[in-house]
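Report on the structure given below.
Predicted, not measured: the structure shown is a model, and the values here were computed from it.
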Amino acid sequence: MDQGGAPPVFSASAEIDGEHLHVVVTGEVDMATADTMLQTALREPAGRITLDLRAVTFFDSAAIHALVRLAQGFSGTLTVLPSRQVRRVLEISGLGDQSWLDPV
């Protein structure tokens, strides 16, 4: 159903500062964009990653899968800054208490 208006815009960008990679993701992370989010986070070698999802408006199972893969690869060095929507999806899926999820 077309609800009018422009489609949500997805973007994923990364900036590296020494060993710290900061990835900013905006818009909808779904089956079509989850791999782009993951590949953006893996593009640069980094000792520590911050995944900023505060501007993400939709997060589906493909996005959860990509996030879990990233968390497995960067155990103890990943921090995820979730939007309200992302936090809710992670809580519903049983991932709301993960150490990589920023508690604020």
Side-chain angles (χ1 to χ4, degrees):
M1 171 194 234
D2 184 11
Q3 296 182 1
V9 176
F10 167 83
S11 70
S13 61
E15 248 183 57
I16 190 140
D17 182 12
E19 288 289 311
H20 184 199
L21 181 66
H22 188 86
V23 179
V24 178
V25 181
T26 63
E28 294 188 356
V29 186
D30 56 20
M31 191 170 87
T33 59
D35 191 57
T36 301
M37 176 185 73
L38 178 62
Q39 293 308 315
T40 300
L42 297 175
R43 189 174 303 147
E44 298 285 337
R48 195 165 48 105
I49 294 181
T50 298
L51 186 61
D52 186 341
L53 304 177
R54 292 177 291 187
V56 169
T57 56
F58 180 81
F59 206 72
D60 74 0
S61 61
I64 293 170
H65 179 72
L67 180 56
V68 168
R69 286 182 55 200
L70 190 61
Q72 289 171 339
F74 289 88
S75 179
T77 61
L78 173 68
T79 301
V80 176
L81 308 174
S83 66
R84 186 175 51 86
Q85 292 87 345
V86 170
R87 182 176 301 281
R88 182 72 179 130
V89 168
L90 294 175
E91 287 172 355
I92 290 168
S93 65
L95 296 171
D97 62 351
Q98 295 299 303
S99 62
W100 40 259
L101 187 61
D102 188 66
V104 175

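L67 and M31 sit in two unconnected hydrophobic clusters of ILVMFWY residues. Membership requires side-chain heavy atoms under 4.5 Å apart, directly or through other members. Side-chain heavy atoms closer than 4.5 Å link hydrophobic residues (I, L, V, M, F, W, Y) into clusters, and following such links, possibly through other members, connects V68 to F74.
Under the side chain to side chain contact (heavy atoms under 4.5 Å, CB included) criterion, S83 pairs with V56, Q85, V86, sequence neighbours left out. Applying the side chain to side chain contact (heavy atoms under 4.5 Å, CB included) rule to D30 yields the partners E28, A32, T33, F58, D60; only residues at least two apart in sequence or on another chain are considered. With sequence neighbours left out, E15 forms a side chain to side chain contact (heavy atoms under 4.5 Å, CB included) with no residue at all. Here R54 pairs with D52 under the salt bridge (Lys or Arg N to Asp or Glu O under 4.0 Å) rule; sequence neighbours left out. Taking E91 as the reference, R87, R88 meet the side chain to side chain contact (heavy atoms under 4.5 Å, CB included) condition, with sequence neighbours excluded.
Across all non-hydrogen atoms, the minimal contact from G96 to L101 is O-CD2, 3.5 Å. Scanning both residues, L53 and F59, for their nearest heavy atoms gives CD1-CE1, 3.9 Å. The two atoms that bring A63 and V29 nearest to each other are CB-CG1, 3.4 Å, heavy atoms only. Closest of all the heavy-atom pairs between F10 and T36 is CE2-CG2, 3.7 Å. The two residues A66 and A34 come nearest to each other via the heavy atoms CB-O, 3.8 Å. For the residue pair S13 and T40, the shortest heavy atom distance occurs at C-CG2, 3.9 Å.
For the side-chain contact (heavy atoms from CB on, under 4.5 Å) criterion with S11, the lone passing option out of T26, V24, V25 is T26.
For the pair L70 and W100, the minimum side-chain heavy-atom distance is 4.5 Å or more. Contact of the R48 side chain with the E19 side chain is not registered, since no non-hydrogen atoms from C-beta on lie closer than 4.5 Å.
Atom CG of D102 and atom OG1 of T50 lie 9.0 Å apart (nearest 0.5 Å). Residue L51 holds its CG atom at 8.0 Å from CG of L81, rounded to the nearest 0.5 Å. Taking CG of L42 as the reference point, atom CD1 of I49 lies at 6.5 Å (rounded to 0.5 Å).
Counting only residues at least two apart or in different chains, side chain to side chain donor-acceptor pair (under 3.5 Å) contacts with residues 64-76 are absent.
Annotation for D17: atom CG does not count as buried by contact number, only 12 or fewer foreign heavy atoms lying within 6.0 Å.
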